Amino acid sequence: MATAPAAPPRRVVICGGGVVGACTAYFLSTHATSPTVPTLVEKSSPACAASGKAGGFLALDWCDSTPALSALARASFALHRRLASSLDGASAYGFRPVHTLSVYLPTDPEPAASPHPLLPLWVDPSASAAPPRELGTLDTTAQVHPGLFTRAVLAASGAEVVIGEVERVVVRDDGRVAGVGVKGRGVVDADAVVLALGPWSGRFEMVREVFDVSGLKAHSIVLRPLEPDKITPHALFLSYQPEPGAKMLDPEVYPRPTGEVYICGMTKDEQVPDDPATITGEPGSIAMLHKIAGRVSSQLKREEGAEVVAEQACYLPCTNDGLPVIGEMPGVKGCYVATGHSCWGILNAPATGAALAELILDGKAKIVDLAPFSPARFLKKRSKRGV
C-alpha cells in the first residue's frame, strides 16, 4: 500500500527580514495549493541592512557565464516583472527598465569637444575618456528601490513580523526542527524554519559546521541632484583609476525614479558586526564616491548644491565558491537556508523565495533546479579535504 505524502508544514518561521526572507514569505503565502502565511523574525527592522542599501539593479543575462546562476537569474528577472505587474511596482517601489552603459572615467578630465551620442545629457561630456559601450537595454536591464521592494513584498505576504533576535534553532531528538529560540521571548514553534540572515546566517553553529558565509563591506552614497527632472534612466558601470598606478575602481551609478541618484563601490572584506544598525561607512571610501560622483556629472557635485541624502555601508553575503546557498540543511529536517547571494541578492531573491516555498510546501522546487545551491555540496568538499 502506497504511503500518503506528508502534509506540508503549517507553521513556518523565517529568520531574517531582508529581501530573501521577504520573498520567501510572499511565495509561501501565495502558493497555489497550500498557501501558508509564515511568521518572520527580524532583529532590527525589515530591509535594515544590504536589502535597504543596495543598488537594486536587475539584469536578465549577466550571470549567463555560470549555468546554475543563469537559470536562477533568468527565472528571477521574469518574476520581478510579474511582481511589478501585480504589486504596482512602478509606483510602489520604483520598478522600471533602464539603459545600461559602460563608461571609462578619465583620471584627469579634459574638456570634450562634443558628447558621445550614447552618453545621457546629464553626464558631463568630459566624464567619458573613451566611447561608452551599451551593456543592457530596456529589455534586459531594470531596477527597483531595494528597501521599498523588500517592504512591499513582505507587506503583500501578510506575514506576522516579530522584532527579536533569533539565538538558536530548536531541533528535536529525531533531528527534525521544532522552532527557534528568540531572545526574551522563548521558543517560537515551527514545522519548518528558514535561515535567511545574509552574512549573519553564519552565526548559527549548524551553518558554520557546513559552510562559511562572510561579509563584503560595500559603500554607497545617495544624492539628490540639482535638477532631478533631467536625470534619465541610465545605469552607469564605471572604470576609474584615481591616479596613475593606482588600483582600478569599478563604481556604479543608478538614477532612481524618485530623482535621487545612488552611487556605490569601494568594497573590502571585513568582520560583520553583531548589530546592522551600527554599520557606518569609512570616511575615505565615502569621500572617493563623492569625488567620482562629481566627475560623472556637475549635477552630482556637493559643492554646486547636490543634496546628500545618505552616506552608508552594508555587508554582502559571500560564499567560498561564489554561489548562493539555498536548500535544506544536512542532518536537520525542516531547516532551510538561503544566503550567499553576494551582489545579486535583489535580483535573485524572487526565484530564491519561490523555489524555497516549493521545496518547503511541495517537497521539490520546480521553478529552478536547487541542486547546485544545496548546502550539502560543501560536505563533499570538506570530506575530500579530510575536514
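What you see below is based on every heavy atom in this structure, not just the backbone, and it leaves out hydrogens, waters and symmetry mates. Computed from a predicted structure; not experimentally measured.
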Exercise for review: Tell me whether Leu101 is reachable from Trp62 by hopping between hydrophobic residues (I, L, V, M, F, W, Y) whose side-chain heavy atoms are closer than 4.5 Å.
Suggested key: no
Point to revise | Greater than 12 external heavy atoms within 6.0 Å of Arg133's CZ | key: no
Review point. Looking only at atom types and distance, does a side-chain atom of Ser157 sit under 3.5 Å from a main-chain N or O of Leu154, one as donor and one as acceptor?
Key: yes
Check your understanding: Is there a path of hydrophobic side-chain contacts, each under 4.5 Å between heavy atoms of I, L, V, M, F, W or Y residues, that connects Val144 with Leu148?
Key -> yes
Practice item. Say whether, by atom type as modelled, one donor and one acceptor occur between the side chain of Thr141 and the main chain of Val98 under 3.5 angstrom. Key: yes
Practice item. Report yes or no: does Glu252 contribute a side-chain atom to a donor-acceptor pair with the main-chain N or O of Phe237 at less than 3.5 Å? Key: no
Check your understanding: In Å, rounded to the nearest 0.5 Å, how long is the span from CG of Asp250 to CG of Leu105?
Key -> 12.5 Å
Check your understanding: Does Arg11 use its side chain to pair, donor to acceptor, with the backbone of Thr39 at less than 3.5 Å?
Key -> no
**Study point:** Beyond-backbone contact of His116 with Ser128, side-chain heavy atoms, under 4.5 angstrom
**Key:** no
Exercise for review: Please answer whether the main-chain N or O of Arg82 pairs with a side-chain N or O of Ser86 as donor and acceptor at a distance below 3.5 Å.
Suggested key: yes
Check your understanding: With side chains defined as the heavy atoms from C-beta onward, is the minimum distance between Pro330 and Pro375 less than 4.5 Å?
Key -> yes
Practice item. Kindly determine whether Val188 and Val166 satisfy side-chain contact (heavy atoms from CB on, under 4.5 Å), including the steps that lead there. Key: CA-CA 10 Å; Val188 179; Val166 178; over 6 Å; no
Review point. Do Gln312 side-chain atoms and Ser220 backbone N/O form a donor-acceptor pair below 3.5 Å?
Key: no
Exercise for review: Kindly compute the distance separating CD1 (Ile360) from NE2 (His31), expressed to the nearest 0.5 Å.
Suggested key: 10.0 Å
**Study point:** Steps toward side-chain contact (heavy atoms from CB on, under 4.5 Å) verdict (Thr339, Val20)
**Key:** CA-CA 8 Å; Thr339 186; Val20 172; over 6 Å; no
Point to revise | Residue pair His234 / Pro255: nearest heavy atoms and the distance that separates them | key: O-CD, 3.1 Å
Exercise for review: Could you pull out the closest heavy-atom pair between Arg81 and Leu138, with the gap in Å?
Suggested key: NH2-O, 3.5 Å
**Study point:** Heavy-atom pair with the smallest gap, counting every atom of Met266 and His219
**Key:** O-ND1, 2.8 Å
Check your understanding: Rounded to the nearest 0.5 Å, how far does CD1 of Ile326 lie from CG of Leu370?
Key -> 6.0 Å
Review point. What distance separates Ile279 CD1 from Asp274 CG, expressed to the nearest 0.5 Å?
Key: 10.5 Å
Review point. Would Val309 and Ile231 show up in the same hydrophobic cluster when neighbours are defined by side-chain heavy atoms closer than 4.5 Å?
Key: no
**Study point:** Under 3.5 Å: donor-acceptor pair, side chain of Gln299, backbone of Glu227
**Key:** yes
Point to revise | Ser297 (side chain) donor-acceptor with Trp122 (main chain) under 3.5 angstrom | key: yes
Review point. So which of Asn320, Asp321, Val325 actually passes side-chain contact (heavy atoms from CB on, under 4.5 Å) with Leu323?
Key: Asp321
Point to revise | From CA spacing to verdict: side-chain contact (heavy atoms from CB on, under 4.5 Å), Glu160, Val37 | key: CA-CA 8 Å; Glu160 177 193 3; Val37 179; over 6 Å; no
Check your understanding: So, do Pro146 and Ser51 sit near enough that their side-chain heavy atoms are less than 4.5 Å apart?
Key -> no
Review point. Looking at residues at least two apart in the chain, or sitting in another chain, which of them share a ring-ring contact (aromatic ring centres under 6.0 Å, His included) with His145?
Key: none
Check your understanding: Can you tell me if NZ on Lys364 sees more than 12 non-hydrogen neighbours from other groups inside 6.0 Å?
Key -> no
**Study point:** Least distance between heavy atoms, Thr232 atom then Pro120 atom
**Key:** OG1-CB, 3.6 Å
Exercise for review: Could you walk me through whether Phe149 and Leu58 pass the side-chain contact (heavy atoms from CB on, under 4.5 Å) test, one step at a time?
Suggested key: CA-CA 12 Å; Phe149 172 71; Leu58 313 175; over 6 Å; no
Check your understanding: By the rule that ILVMFWY residues connect when side-chain heavy atoms come within less than 4.5 angstrom, directly or transitively, which residues belong alongside Leu121?
Key -> none
**Study point:** Joint hydrophobic cluster, Val182 plus Met206, side-chain heavy atoms closer than 4.5 Å
**Key:** yes
Review point. Quick check: does any side chain N or O of Glu358 sit under 3.5 Å from a backbone N or O of Phe27, one acting as donor and the other as acceptor?
Key: no
**Study point:** Close side-chain approach of Lys43 and Lys183, heavy atoms under 4.5 Å
**Key:** no
Check your understanding: When rounded to the nearest 0.5 angstrom, what distance separates CG in Leu300 from CG in Leu289?
Key -> 12.0 Å
Practice item. Could you give me the CA-CA distance, side-chain angles and deciding distance for Arg172 and Asp174, then say whether salt bridge (Lys or Arg N to Asp or Glu O under 4.0 Å) is met? Key: CA-CA 5 Å; Arg172 299 191 322 218; Asp174 64 357; 2.9 Å; yes
Review point. Going hydrophobic residue to hydrophobic residue with side-chain gaps under 4.5 angstrom, can you get from Tyr254 over to Leu316?
Key: no
Check your understanding: Is there a side-chain contact between Ser76 and Thr352 (heavy atoms, below 4.5 Å)?
Key -> no
Check your understanding: Under the 3.5 angstrom rule, does the side chain of Thr140 hit a backbone N or O of Gly136 as a donor-acceptor pair?
Key -> no
Review point. Can you tell me how far CG of Leu197 sits from SG of Cys15, rounded to the nearest 0.5 angstrom?
Key: 6.0 Å
Point to revise | ILVMFWY clustering at 4.5 Å (side-chain atoms), partners of Met248 | key: Tyr104
Practice item. Compare all side-chain heavy atoms of Ile221 with those of Val308 and state whether any distance is below 4.5 angstrom. Key: no
Practice item. Compare all side-chain heavy atoms of Asn348 with those of Leu69 and state whether any distance is below 4.5 angstrom. Key: yes
Practice item. Taking all heavy atoms of Ala127 and all of Val103, pick out the closest pair and write down the distance. Key: O-CG1, 3.7 Å
Review point. Near Arg168 CZ, under 6.0 Å, is it more than 12 heavy atoms from other residues, nucleotides or ligands?
Key: no
Point to revise | Heavy-atom side-chain contact between Phe57 and Leu347 under 4.5 Å | key: no
Review point. Between Gly215 and Val272, what is the shortest heavy-atom contact and its length?
Key: CA-CG2, 3.8 Å
Check your understanding: With no hydrogens and no angle check, do the side chains of Glu270 and Tyr315 hold a donor and an acceptor under 3.5 Å apart?
Key -> yes
